[in-house]
Amino acid sequence: MHVVATAGHVDHGKSTLVQALTGTDPDRLAEEKARGLTIDLGFASVQLPSQRGIAFVDVPGHVRFLKNMLAGVGSVDACLFVVAATEGWKPQSEEHLRILQLLGIEHGLVALTKVGQAEPDLRELARLEIAERVEGTFLAGADVVEVDAVDGVGLDELTAALDALLEVTPTAADHKRPRLWVDRVFAAKGAGTVVTGTLTGGTLRVDDELVAEPGGRTVRVRALQSLHAERTKVGPGNRVAANLSGVSRDELGRGDVLVRAGQWHVTRRVDGSLTVLDSLDHPVTRRGAHVAYVGSGEFPVRMRVLGPSEIGPGGAGAVRLHLPVGLPLLPGDRFILRESGREETVGGGEILDVDPIVPAARATPDRDVGRVIAERGRVDVDHLFRLTGERREPDVGRWAVAPAVLAEAREKVAAAVAAAGSVGLDTASLDEFGRAVLATLDDVTVEAGHARPADAADTLEGHPFVAALAASPFAPPDPDGVDRAELRELVRRGEVVEEGGVYFAAAAVAAAAAVVADLLAASPDGVTVAEVRDAWGTTRKYAIPLLSHLDETGVTRRRDDLRIAGPRLEQVAGGSGS
Ligand SMILES: Nc1nc2c(ncn2[C@@H]2O[C@H](COP(=O)(O)OP(=O)(O)OP(=O)(O)O)[C@@H](O)[C@H]2O)c(=O)[nH]1
Ligand SMILES: [Mg+2]
């Protein structure tokens, strides 16, 4: 299935041709039928003999309805460009071609219509004019098929040409992130709100939960149709009618857009390229009431030209656009810029940055993902995906990191580890990024929440304070002059036990427990502090914290003034060898 838009000057026979090809009159409004003029978008589809499907979006040619034309051509795959042989190239032939070119449409063919009303030399003239006008555009070298829809001439040739065109026209890509720009909303009897649009980017399914932007309202897909048939899912590159719950008809309109939650960066400020039409008779500056046409929508924008203050006719540059509402946009999206005061099409371009963070005076937008990372230093890869549409493997942790920033961070963390010496750097002192960087350092080992240089000799081995504690187990020295970090590390390692500000060798605690176990074996009803103190041969100053430690570790417990067996006494008694 391909979605193909018509294009061309008013009255040149676009709608007549669509009807001749599909059997459906795309002009659905009574006023359109009465005036013989297309006002708004029309839709009709057909299956070619090759089984290829075409969904036509028929646009109005009249300049007054240009905004409706713009709402329809944003997401199409190709165009059927119509020029009447009787009139030849006209202003909206030119304007439509420029717009399609700026929107990045790459495939199309030309139907030279009303040939039954044009003498051969007039047809030849029209052909020559078309060839000249499409030079340098996507229509250069395209088939020009002569038809007369009223006389029924050339329709088989046109069908064959459409088939050949679609054969080389890629179908819309599936990036697993559907986006449906709404071009019509109506209330269906008994079915609630229905929106239609050309689906791109991914598949929609019945029961999908979607977000409507602007506004962020959550809606659910109750039912789907494509080409008037009920579907449980519809892939990208199709016309879709989605019946939604959770929203009323007047809460949505043309230019709104449906996406899945969390997949898009919803933005009110973008940087983009701008190519100015060479038919313009003045340069483009920030002055003027500019309107950007993005997706199916029309948005008044504040615009600033980046770099030089103006872009001349036929020139190109970069601009920053401030949107009145948040939209889910992506680099590569195209827009058309018009000036509403003069009612003229200024030009158009490609969105390059959906979250510009560099001030306008210095911004140099492009599609380079590396720039997006460099400007930020580091970016969460999920966020980067929303900003650029590109999936990157993280450089570190969950981040894509600019090379210079990564090198500096590695150096900084490595220096902090080196400075911490064999005590190690407490990894809790680093932020999440710092810890992720740490994990990339080869010559660092992380153990029990502390990072040390892998080759560092263990300067805590045979620590003099540990030796001093061991030499005087039950009356240990104060840790005066001992490095606090070293002391903490010795405690963490379990070589030293701290209780009430007093430090004991681990072996002293074990020995003390064994002594108490012996005492309690002799006096199961309990022992006094004084008895324990004497058995340890120490003073209250050391006996009290040591006993507290035994209480805390479950070796002993208090009963009134006595200590009795705690739940863990068995273990130390068993280990005492007594
Ligand atoms: N003889 C002849 N008349 C045609 C042909 N195509 C269109 N017409 C007539 O030209 C008039 C305009 O045709 P439309 O199909 O409405 O033209 P359009 O391009 O859709 O016009 P807009 O949508 O208003 O831009 C109608 O009266 C058609 O009957 C053709 O191939 N031959
Ligand atoms: Mg028409």
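What you see is a predicted model; the values in this text were computed from it and never measured. Order of listing sets the numbers, starting from 1, for every ligand and every atom in it.
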message: If we count only non-hydrogen protein atoms and require a distance under 4.0 Å, does atom 24 (O) of ligand 1 qualify as touching the protein?
response: yes
Kindly confirm or rule out an N or O of [X] lying under 3.5 angstrom from an N or O of ligand 1.
X      : answer
Asp27  : no
Thr113 : no
Asp11  : yes
Gly13  : yes

- prompt: Which word best sums up how the rings of His383 and His265 line up, parallel for under 30°, tilted for 30 to 60°, or perpendicular for over 60°?
  reply: perpendicular
Residue Thr38, metal the Mg ion (ligand 2), N/O/S under 2.8 Å: yes
- prompt: Looking at the Mg ion (ligand 2), is one of the N, O or S atoms of Ser15 less than 2.8 Å from it?
  reply: yes
Quick one: nearest non-hydrogen protein atom to [atom], plus distance?
atom                    : value
atom 32 (N) of ligand 1 : Asp148 OD1, 2.9 Å
atom 2 (C) of ligand 1  : Val150 CG2, 3.4 Å
atom 8 (N) of ligand 1  : Lys114 CE, 3.5 Å
atom 18 (P) of ligand 1 : Lys14 N, 3.4 Å
atom 16 (O) of ligand 1 : Gly36 O, 3.8 Å

message: With a 4.5 Å cut-off on side-chain heavy atoms, are Gln101 and Leu139 touching?
response: no
task: Using a 4.5 Å cut-off on heavy atoms from C-beta on, say whether the side chain of Leu70 contacts that of Arg338.
output: yes
[X]-[Y] side chain donor-acceptor pair, cut-off 3.5 Å:
X      : Y      : value
Arg239 : Thr198 : yes
His282 : Glu344 : yes
Ser248 : Glu251 : yes
Asp58  : Thr6   : yes

Against heavy atoms of [X], which atoms of ligand 1 measure under 4.0 Å?
X      : value
Gln117 : 1 (N)
Leu37  : 24 (O)
Ala149 : 30 (C), 31 (O)
Thr16  : 6 (N), 7 (C), 13 (O), 14 (P), 15 (O), 28 (C)
Ser15  : 15 (O), 18 (P), 20 (O), 23 (O)
Val10  : 24 (O), 25 (O)

field: Arg254 side chain to Asp183 backbone, donor-acceptor under 3.5 Å
entry: yes
task: May I ask whether Val82 places a heavy atom under 4.0 Å from ligand 1?
output: no
message: Are His62 and His9, when compared by the centres of their aromatic rings, separated by less than 6.0 Å?
response: no
- prompt: Are Trp181 and Tyr293 close enough that their ring centers fall under 6.0 Å?
  reply: no
field: side chain to side chain contact (heavy atoms under 4.5 Å, CB included) between Leu180 and Leu210, worked out
entry: CA-CA 10 Å; Leu180 185 68; Leu210 302 174; over 6 Å; no
- request: Identify whether the distance between the nearest side-chain nitrogen and carboxylate oxygen of Asp163 and Arg52 falls below 4.0 Å.
  value: yes
